[in-house]
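The next block holds one structure in the form of C-alpha cells; read it before the comments.
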Amino acid sequence: MASPLRVESYDVVKLHQTQDPEVVIAEIRAKGTVTTTGRSFTATSIQILRIREGHIVLFRDFADPRVLADVIGEPRPGS
C-alpha cells in the first residue's frame, strides 16, 4: 500500500517492563516527511509486544490518528 509518509527516524523513547516477563510496553517516536506536501511530522505511539521464545507473538500499536490527519491535511469529522 502506497503511503505519503516517509519515516526518517524511529526511536524507542522508553521501555516499560511489566509483571508478565513476556510483555513489554514501548513508547515510540517517529519523525518524517509527508511526501505530497513536504511537511514534517512527529508522531508518538505506545506499542505492546508479547515476545515468546524470541518471536513476537502479539503486537499492538496505539497512536493518535489526529496527528497524521493534521499533517496530511485530511479534514476531521465535524470540522
Side-chain angles (χ1 to χ4, degrees):
M1 180 165 81
S3 172
L5 306 177
R6 181 178 60 233
V7 176
E8 293 146 1
S9 69
Y10 190 79
D11 301 305
V12 176
V13 177
K14 189 165 186 178
L15 286 176
H16 302 273
Q17 291 183 322
T18 68
Q19 291 183 354
D20 184 334
E22 291 186 344
V23 176
V24 65
I25 299 170
E27 294 180 44
I28 305 295
R29 180 178 303 123
K31 294 182 180 181
T33 304
V34 180
T35 59
T36 55
T37 65
R39 292 177 67 184
S40 62
F41 69 89
T42 300
T44 57
S45 67
I46 301 295
Q47 297 178 348
I48 300 172
L49 299 97
R50 178 175 296 277
I51 303 168
R52 186 175 297 138
E53 298 177 8
H55 299 280
I56 297 171
V57 296
L58 174 84
F59 175 80
R60 298 287 187 262
D61 184 44
F62 301 92
D64 184 351
R66 296 173 297 180
V67 172
L68 296 179
D70 286 345
V71 296
I72 293 172
E74 294 178 0
R76 292 187 193 173
S79 296

Quiz item: With hydrophobic residues grouped by side-chain heavy-atom distances under 4.5 Å, do F59 and L15 end up in a single group?
Solution: yes
Donor-acceptor list for residues 24-32 side chains, cut-off 3.5 Å, not counting sequence neighbours:
residue : atom : partner : partner atom : Å
E27     : OE2  : H16     : NE2          : 2.6

Got a list of side-chain donor-acceptor pairs under 3.5 Å for residues 35-44, not counting sequence neighbours?
residue : atom : partner : partner atom : Å
T35     : OG1  : P4      : O            : 3.1
T37     : OG1  : R39     : N            : 3.2
R39     : NH1  : D70     : O            : 3.2

Quiz item: Mind checking what makes side chain to side chain donor-acceptor pair (under 3.5 Å) contact with R60, not counting sequence neighbours?
Solution: none
Quiz item: Got L49 and L58 here, is their nearest side-chain heavy-atom distance under 4.5 Å?
Solution: no
Self-check item: Spatial distance of atom CG (D20) from atom CD1 (I51) [nearest 0.5 Å]
Solution: 11.0 Å
